[in-house]
Visitor: 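Got a structure for you, questions after.
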Number of protein chains: 2
Amino acid sequence: MSMIVFSDSKAGMDGLDKEKIQQIIDESSGANFSAFALKKKDRLEKQRSDIIVKVKSMSDGTRKKYEREMADVCRLLEMERHLDRDCVHVDMDAFYAAVEMRDQPKLRHTPMAVGGASMLSTSNYAARQFGVRAGMPGFIGSRLCPQLEIVPLNLDKYTCESRVLSSILSQYDPNLSMGSLDEAYMDLTDYVRMRSIPVRHKRVRYSGDCVCRLPVMKETDSPGVSQSINTQQSCPKCNQTRIIIEDEVEFGIGRSEIVREMRFRMEQTTGLTCSAGIAPNFMLAKVCSDQNKPNGQFELENDLQKVIEFVRELPTRKVSGIGRVAEAHLSALGITKCGEIITLSHLLPCAFSSLGVESMLRVGLGLGSSMHSRDSNDSSRKSISIERSFSPTTDPQLLTQMLQELCEQLSEQASSKIKSASGLSLKVKLSSFDVLTRSAQVPIGCDLLDPARMFTLSKIVLNNMLAEGKELRLLGVRLYKIIEKVEDMDEEKITVVDMLKRRRVVKEEEEKKKMNEIVEEKEKKVNKMVEEEEGDIDDDIPKCPVCGWRMEGIDDREINGHIDQCLSKESIKELLISDYEKREENGTQMRKEKSKTKQKTILNFFPKSS
Amino acid sequence: MSMIVFSDSKAGMDGLDKEKIQQIIDESSGANFSAFALKKKDRLEKQRSDIIVKVKSMSDGTRKKYEREMADVCRLLEMERHLDRDCVHVDMDAFYAAVEMRDQPKLRHTPMAVGGASMLSTSNYAARQFGVRAGMPGFIGSRLCPQLEIVPLNLDKYTCESRVLSSILSQYDPNLSMGSLDEAYMDLTDYVRMRSIPVRHKRVRYSGDCVCRLPVMKETDSPGVSQSINTQQSCPKCNQTRIIIEDEVEFGIGRSEIVREMRFRMEQTTGLTCSAGIAPNFMLAKVCSDQNKPNGQFELENDLQKVIEFVRELPTRKVSGIGRVAEAHLSALGITKCGEIITLSHLLPCAFSSLGVESMLRVGLGLGSSMHSRDSNDSSRKSISIERSFSPTTDPQLLTQMLQELCEQLSEQASSKIKSASGLSLKVKLSSFDVLTRSAQVPIGCDLLDPARMFTLSKIVLNNMLAEGKELRLLGVRLYKIIEKVEDMDEEKITVVDMLKRRRVVKEEEEKKKMNEIVEEKEKKVNKMVEEEEGDIDDDIPKCPVCGWRMEGIDDREINGHIDQCLSKESIKELLISDYEKREENGTQMRKEKSKTKQKTILNFFPKSS
DNA sequence: CCGCACAGC
DNA sequence: TACTGCTGTGCGG
DNA sequence: ATACACAAC
DNA sequence: TACTGTTGTGTAT
Ligand SMILES: Nc1ncnc2c1ncn2[C@H]1C[C@H](O)[C@@H](COP(=O)(O)OP(=O)(O)OP(=O)(O)O)O1
Ligand SMILES: Nc1ncnc2c1ncn2[C@H]1C[C@H](O)[C@@H](COP(=O)(O)OP(=O)(O)OP(=O)(O)O)O1
Ligand SMILES: [Mg+2]
Ligand SMILES: [Mg+2]
Ligand SMILES: [Mg+2]
Ligand SMILES: [Mg+2]
């Protein structure tokens, strides 16, 4: 019996032999992990049966009551429905894998995955045919697909790429919210209104034996609206012949065409494809972006009937926020499709808290979640953490050593991102895979970013959370209760703050404009590059995709740093920071902010009062 | 400036010289108390001004939003309105005082109060004319009214009297809910329907020089419906002449007449008068019972218009649940009358949580609170406590002594009322009047009712909550997480009650079993620790000699503090272990089952996991 | 869970 | 001499 | 507040 | 050789 239910809900996994895959997974799993998975499965099964009991023992009266209540809530929720927005979710196709395939052409036509023997971060679509997917250990992937190529992570590269993509997309919605490195939530309502005439873009595609450049011309590409100019050359890198096909394409008005245009420009600039969903809210847009993956888009019209129909047959698991457990709980109520959330709504209280019930009803009604329904108001970071797995060990020496290293690394990373943190949470995973956490707070103002202090506290917490002799397979440190770098502007110097704010806003806009121009330039340059074929011999020299600076012999990290400079508002930040620090240094008294709310710090561990 | 705002909202306090009274109160108050009162007043003023700021800084948009939201909520709440019930609140007049006056006729015609020099529990209506009222210290009462007679409490007597009264009232509503010794919430709906013809009762009144018996005949008494029979006799107690007037009185149908009948019978039986309110729900009935105090009743018809009008002009403070602070918060919004709660409803979120807003809206709409709107479903006791004030002292000897006595008394009282308790909360009041509480739980099944164990735990908690040398003016002990005595369950409601009890019993046994394991483990660990103590040289890190806590980078003072704590925790262990052993000896069966909900007991103070 | 503020009698 | 005793609720950490 | 389960990429 | 790393939310106590 399988411990983990192999889920085929992801894109690109149709028609594969699930039983076979499951068998391989099961027999490849280690004993500890299997036991852990079993424990989880049992717990879930117990929860399911508890829910079923609750359903069966529900009296007729309470059923009626719930039916009425749910109908009422639905009526209220219905009032929040908006069908007047153009919401889009854009998600890159097999993101990490696509980047690696672009940069290593030999990977393009073989099943491959990104990660290591112990864990894969994602796989390409060829590999997915074999059941190889994100979150799967590499050694199992290799069993499922012996030809599988596993390439290591280049997180810095993906981060760069992500910045390029978001800078393109931000031209369509300057308030977009990045859901992760590879996806964005955008509200195109305003842009759609502005767009009254079609636009044309130059298109460049490649053919021939050389595979150095993307995108490759395909039969399925839409025909151009201009005569195509074909140029043949010899690639200086691979010495193969390369055919450059240049023409123009046109994109009409309307949100669907605009999304097509965005996707076109992204591929032209990065060589990567993405998929997109268009819908009246973000919850639906997110689902839609998965409908025509890869390299496709899907529009759900802003029409009540269409929305209802779409949602009715939608498997619950497709919805972001409904995971493995929630899906199981719903299925215990007989709910597998989102439409059933409404028809069986009176059962929801048997499985969910009142908040959970409401969020389920929203899904069933096809309404946006409050999460991403608003603009990403919530940009502030809540925590920053580091964790590392290792061969299970009991050795206190080793553990201490690793803990110290973790703290040093975290300190370094955190110092560049936050101003301070007053909470620390230590995480351990036992060799049984059970996870424990213990946390402690220090008085605000005490600097946990200092690596020595961080380590000291971590060590104390660690020492006191475990009986001796426990075998650990992971250690982690998380900082929370964070004060961000530039955020703080106190009410006192309103004038100054105001000025700074104004400056920041102005400069921000300038930066954005500049950035947009730059990207456009870059796009043009790509084109120019093609035109100036001879002068562009040094093809393999990496360039900043934003400013076009050539960077010879510079490693990825530095490249990343450069692009940071290019794209972020570093200069502004520095200004604010230096100003703030100046104020600090100048002896402006850190007011003893009598925090109205009492803190429970580690000092209170000795609770002798007053 | 006065620290405490003298409130005249209580019955029987019209037309007295508030300024004079306030002045006397102020100049009679001790320094400590005045300082404390001032602190509270300042805090309240701060809260008020915070609220005012919030109101002023509310944007137009949010105001609109709130207006809509509040209207919506009101519409929903309105759907819960019931105008089909006959709700009655009955409240004795000057209860304790009336009992004492009845039993000591010399007190009947002089201002008097019940309590002591330090605190009065209530006063009669004559005393209230002088500003003497419940919650006032006796010595201030005496200054306000030099003739004031202060008589000590006879709580047992009042309790008896209360039982008599409730037994009478329960004939009209067997499900009545006693709000305190002197008041009852009743639903007369059923009784009103049953009562189709008038009823007659024999009436006995007394006159003459003898004052031993009540009620005395008054001019204002309603005329009887039968010929009165007068009998004269000599009172064997006071040797005065007594005239007995006997006749009959008739009470018609309808709820008002029924209430009159109830009140008549109560006075005939006990010699005590009461007042009553009649209304469509309990919230309103409670307010109404105060309208015609003393010895009167007030009916608010079950008519929407009448209700609205009544509520519109009602001062907020009249409503049960709106106290001094809530009244002040409302007034900061410009709300002093309940009608304004609705007209200014959009301001409520500036001062109250969402729950608070809802409850305020209910009041403004004249709707019943969920509290007493249903029958008294909530009869189960949640806690039982004892506390005592004394002359402020620092002396540990004295404090320990008093704590022990408290525990002994509480143990005795509790043993007759509950089966067990697993939570203990210790309360101290400093000489500054500041109150602190610290609580601890023991595993369910461990018997805190045992006075020795209760005292031991109390002492530990006390020792760990205070820096030495604090001057205390009160000590208190409260038991919570109570399991009630298994009395003969109501035969009818066996289903519900049975379920609950079964659950409880099961859980209890589970917990006992769990405790068994935990305690065993702890014992083993303690032993191990002792054994390993000698061979534990290899670690330079200082450890707590008791619990083994490793203490790095902690200074001596804190270390000592910690060890103090641990020592007491050791005694906790012993405490719990001894209890466990006792149970073992008794042969109590303990089944091995997992309890679903985790408890945070005092054992968890040692967070060494697994 | 804990500690506190608030409330009522 | 010198501002209670008992019980319950709701919030914020 | 603490600790855990759940979720997403 | 052997099942990730980072961040956020919601719930129970
Ligand atoms: N479980 C995981 N652990 C670590 N990294 C992950 C995990 N899942 C995804 N990632 C990383 C790698 C992915 O390329 C990237 C984006 O995730 P996601 O959009 O869900 O899949 P994907 O982009 O690789 O494929 P696709 O979107 O086409 O289904 O995030
Ligand atoms: N603050 C208090 N402290 C202690 N006991 C009190 C307090 N207030 C009231 N009591 C006791 C004594 C009262 O007689 C009894 C009933 O209270 P309550 O009904 O409010 O007043 P009352 O019955 O004395 O006069 P009223 O005629 O106004 O009802 O409860
Ligand atoms: Mg993707
Ligand atoms: Mg994604
Ligand atoms: Mg009364
Ligand atoms: Mg009363």
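First the proteins, then the strands, lettered A, B, ... as listed; each starts at 1.
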Visitor: Using the P atom as the reference point in each nucleotide, state the distance between dC1(C) and dA12(F) in Å, no decimals.
Guide: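 Those two atoms are separated by 12 Å.
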Visitor: Grab the CD-C1' distance between Gln441(A) and dC2(C) for me, whole Å please.
Guide: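 Distance check: Gln441(A) CD to dC2(C) C1' gives 14 Å.
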Visitor: When all nucleic acid strands are considered with a 4.0 Å heavy-atom cut-off, which category describes Ala134(A): base, sugar-phosphate, or nothing?
Guide: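 Ala134(A): no heavy atom of the nucleic acid under 4.0 Å.
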Visitor: Distance check needed: dA5(E) P versus Lys46(A) NZ, whole Å only.
Guide: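 Roughly 15 Å, once rounded to whole Å.
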Visitor: Quick one: label Lys40(B) by what it contacts on the DNA or RNA (base, sugar-phosphate, nothing), any heavy atom closer than 4.0 Å.
Guide: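 Result for Lys40(B) = nothing.
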Visitor: May I ask you to say what Lys427(B) touches in the nucleic acid, namely base, sugar-phosphate or nothing, with a heavy-atom cut-off under 4.0 Å?
Guide: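 Nothing, no heavy atom under 4.0 Å.
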Visitor: Taking for each residue the nucleotide of DNA chain E with the nearest heavy atom, is it Val435(A) or Lys286(A) whose nucleotide lies nearer the 5' end?
Guide: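 With Val435(A) and Lys286(A) compared, the 5'-side residue is Val435(A).
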Visitor: Using a heavy-atom cut-off of 4.0 Å across all strands, would you classify Tyr480(A) as base, sugar-phosphate, or nothing?
Guide: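 The answer is sugar-phosphate, as Tyr480(A) gets under 4.0 Å only of primed atoms, P, OP1 or OP2.
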Visitor: Indicate, with a heavy-atom threshold strictly under 4.0 Å, whether Lys481(A) touches base, sugar-phosphate, or nothing.
Guide: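 It contacts sugar-phosphate atoms only.
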Visitor: Does Ser385(A) have a side-chain nitrogen or oxygen under 4.0 Å from the phosphate oxygens OP1 or OP2 of dG5(F)?
Guide: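 The answer is no; no side-chain N or O of Ser385(A) sits under 4.0 Å from OP1 or OP2.
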Visitor: Using whole Å, what does the distance between atom C1' of nucleotide dA3(E) and atom CG of Asn464(A) come to?
Guide: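 So the two atoms are 16 Å apart, to the nearest Å.
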Visitor: Side chain of Ser180(A) only, please: which of dA8(E), dC9(E), dG8(C) is the nearest?
Guide: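 Selected nucleotide (nearest to the side chain): dC9(E).
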Visitor: Does the side chain of Asp290(B) reach to within under 4.5 Å of the side chain of Asp91(B), using non-hydrogen atoms?
Guide: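 In short, these two side chains do not touch, never coming nearer than 4.5 Å.
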Visitor: What nucleotide among dG8(C), dC6(D), dG8(F) has an atom nearest to a side-chain atom of Arg317(B)?
Guide: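 Among the listed nucleotides, the one closest to the side chain of Arg317(B) is dG8(C).
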Visitor: State whether Thr437(A) places a side-chain N or O below 4.0 Å from either non-bridging phosphate oxygen (OP1 or OP2) of dC4(E).
Guide: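 The answer is yes; a side-chain N or O of Thr437(A) sits under 4.0 Å from OP1 or OP2.
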Visitor: What does dG5(D) pair with, Watson-Crick or G-U, if both distances are under 3.5 Å?
Guide: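 Partner of dG5(D): dC9(C).
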Visitor: Would you mind classifying the nucleic acid contact of Ile384(B) as base, sugar-phosphate or nothing, using non-hydrogen atoms under 4.0 angstrom?
Guide: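 Contact class for Ile384(B): sugar-phosphate only.
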Visitor: Donor-acceptor pair, distance only, cut-off 3.5 Å: does the side chain of Arg473(B) make one with the backbone of Ser432(B)?
Guide: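 Side chain of Arg473(B) to backbone of Ser432(B), a donor-acceptor pair under 3.5 Å: no, none is there.
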Visitor: Please determine which of Met178(A), Glu183(A), Met92(A) meets the side-chain contact (heavy atoms from CB on, under 4.5 Å) test together with Ser162(A).
Guide: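 Going through the options one by one, the only one that passes is Met178(A).
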Visitor: At 4.0 Å (heavy atoms only), tell me whether Asp182(B) reaches a base, stays on the sugar-phosphate, or touches nothing.
Guide: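 It contacts sugar-phosphate atoms only.
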Visitor: Counting any heavy atom closer than 4.0 Å, what does Arg143(A) reach on the DNA or RNA strands: base, sugar-phosphate only, or nothing?
Guide: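 The answer is nothing, as Arg143(A) stays clear of every strand by at least 4.0 Å.
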Visitor: Under the side chain to side chain contact (heavy atoms under 4.5 Å, CB included) rule, what do Lys429(A) and Glu387(A) come out as? Steps first, then yes or no, please.
Guide: CA-CA 10 Å; Lys429(A) 196 178 325 195; Glu387(A) 68 188 60; 5.9 Å; no
Visitor: Val319(A) near the nucleic acid: base, sugar-phosphate alone, or nothing, with a heavy-atom cut-off under 4.0 Å?
Guide: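 Contact class for Val319(A): sugar-phosphate only.
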Visitor: Give the nucleotide from the list dT7(F), dC6(E), dG3(C) with an atom nearest to the side chain of Ser439(B).
Guide: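 Side chain of Ser439(B) sits closest to dG3(C).
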Visitor: Just to confirm, is there a sub-4.0 Å distance from OP1 or OP2 of dG8(D) to any side-chain nitrogen or oxygen of Ser383(B)?
Guide: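 Yes, within the criterion.
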Visitor: Check every strand shown and say whether Tyr158(A) touches a base, only sugar-phosphate, or nothing at a heavy-atom separation below 4.0 Å.
Guide: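 Nothing, no nucleic acid heavy atom in range.
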Visitor: Would Leu466(A) and Leu436(A) count as a side chain to side chain contact (heavy atoms under 4.5 Å, CB included) if you check the C-alpha gap in whole Å, the side-chain angles of each, and the deciding distance to 0.1 Å?
Guide: CA-CA 9 Å; Leu466(A) 289 173; Leu436(A) 306 176; 3.9 Å; yes
Visitor: Quick one: NZ on Lys41(B) to NZ on Lys46(B), what's the gap to the nearest 0.5 Å?
Guide: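 The NZ atom of Lys41(B) sits 15.5 Å away from the NZ atom of Lys46(B).
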Visitor: Could you state the CD-P distance from Gln47(B) to dC6(C), rounded to the nearest angstrom?
Guide: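 My rounded result for the distance is 5 Å.
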Visitor: How many whole angstroms separate atom CZ of Phe36(B) from atom P of dA5(C)?
Guide: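 Distance, rounded to whole Å: 8 Å.
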Visitor: Does a side-chain N or O of Arg324(B) approach OP1 or OP2 of dC6(C) to a distance below 4.0 Å, or not?
Guide: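 Checking Arg324(B) against dC6(C): no side-chain N or O falls below 4.0 Å of OP1 or OP2.
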Visitor: Ser389(B) side chain: which of dG5(D), dC4(C), dT9(F) is closest?
Guide: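 Closest nucleotide among those given: dG5(D).
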Visitor: So which one's nearest nucleotide on DNA chain F is more toward 5', Leu355(A) or Ile386(A)?
Guide: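 The residue mapped nearer the 5' terminus is Ile386(A).
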Visitor: Check the distance between dG5(F)'s P and Met119(A)'s CE and give it to me in whole angstrom.
Guide: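 Taking CE of Met119(A) and P of dG5(F), I get 9 Å after rounding.
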Visitor: Write down the atom of Gly423(B), the atom of Lys481(B), and the distance for their closest heavy-atom approach.
Guide: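 Closest approach of Gly423(B) to Lys481(B): N-CB, 4.0 Å.
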Visitor: Specify the separation, in whole Å, of atom CZ of Arg478(A) and atom P of dT4(F).
Guide: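 Rounded to the whole Å, the gap is 16 Å.
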Visitor: Choose from dG5(F), dT7(F), dC9(E) the nucleotide whose nearest atom is closest to any side-chain atom of Glu183(A).
Guide: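 Per side-chain heavy atoms of Glu183(A), the pick is dC9(E).
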Visitor: Of all the nucleotides listed (dT6(F), dC4(E), dT9(D)), which has the minimum atom distance to the side chain of Lys382(B)?
Guide: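 Of the candidates, dT9(D) comes closest.
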Visitor: Could you check how far CZ of Arg43(B) sits from P of dA5(C), rounded to whole Å?
Guide: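 So the two atoms are 5 Å apart, to the nearest Å.
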Visitor: Quick one: is dT4(D) close enough that its OP1 or OP2 comes under 4.0 Å of any side-chain N or O from Ser118(B)?
Guide: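 The answer is no; no side-chain N or O of Ser118(B) sits under 4.0 Å from OP1 or OP2.
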Visitor: Ignoring backbone atoms, test whether Arg473(B) places a side-chain nitrogen or oxygen under 4.0 Å from the OP1 or OP2 oxygen of dT4(D).
Guide: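 Answer is yes, contact under 4.0 Å.
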Visitor: Using a heavy-atom cut-off of under 4.0 Å over every strand shown, decide if Leu120(A) touches base, sugar-phosphate, or nothing.
Guide: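 No contact.
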Visitor: Reading DNA chain F from 5' onward, which residue's closest nucleotide shows up sooner: Ser353(A) or Ala117(A)?
Guide: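 Here Ala117(A) is the residue nearer the 5' end.
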Visitor: Out of dG8(F), dT4(D), dA7(C), which nucleotide sits closest to the side chain of Lys429(B)?
Guide: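 Out of dG8(F), dT4(D), dA7(C), the nucleotide with an atom closest to Lys429(B)'s side chain is dT4(D).
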Visitor: If you only use heavy atoms from C-beta on, which nucleotide in dG5(F), dA3(E), dG8(D) is closest to the side chain of Arg438(A)?
Guide: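 My answer, after comparing the listed nucleotides, is dA3(E).
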Visitor: Could you give the distance separating dT13(F) and dC2(C) at their C1' atoms, to the nearest angstrom?
Guide: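 Their C1' atoms lie roughly 10 Å apart.
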Visitor: Heavy atoms under 4.0 Å, any strand shown: does Phe95(B) hit a base, just sugar-phosphate, or nothing?
Guide: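 Contact class for Phe95(B): none.
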Visitor: Using the test ring-ring contact (aromatic ring centres under 6.0 Å, His included), find all partners of Tyr158(A) that sit at least two apart in sequence or belong to another chain.
Guide: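 Only Tyr96(A) meet the ring-ring contact (aromatic ring centres under 6.0 Å, His included) criterion with Tyr158(A).
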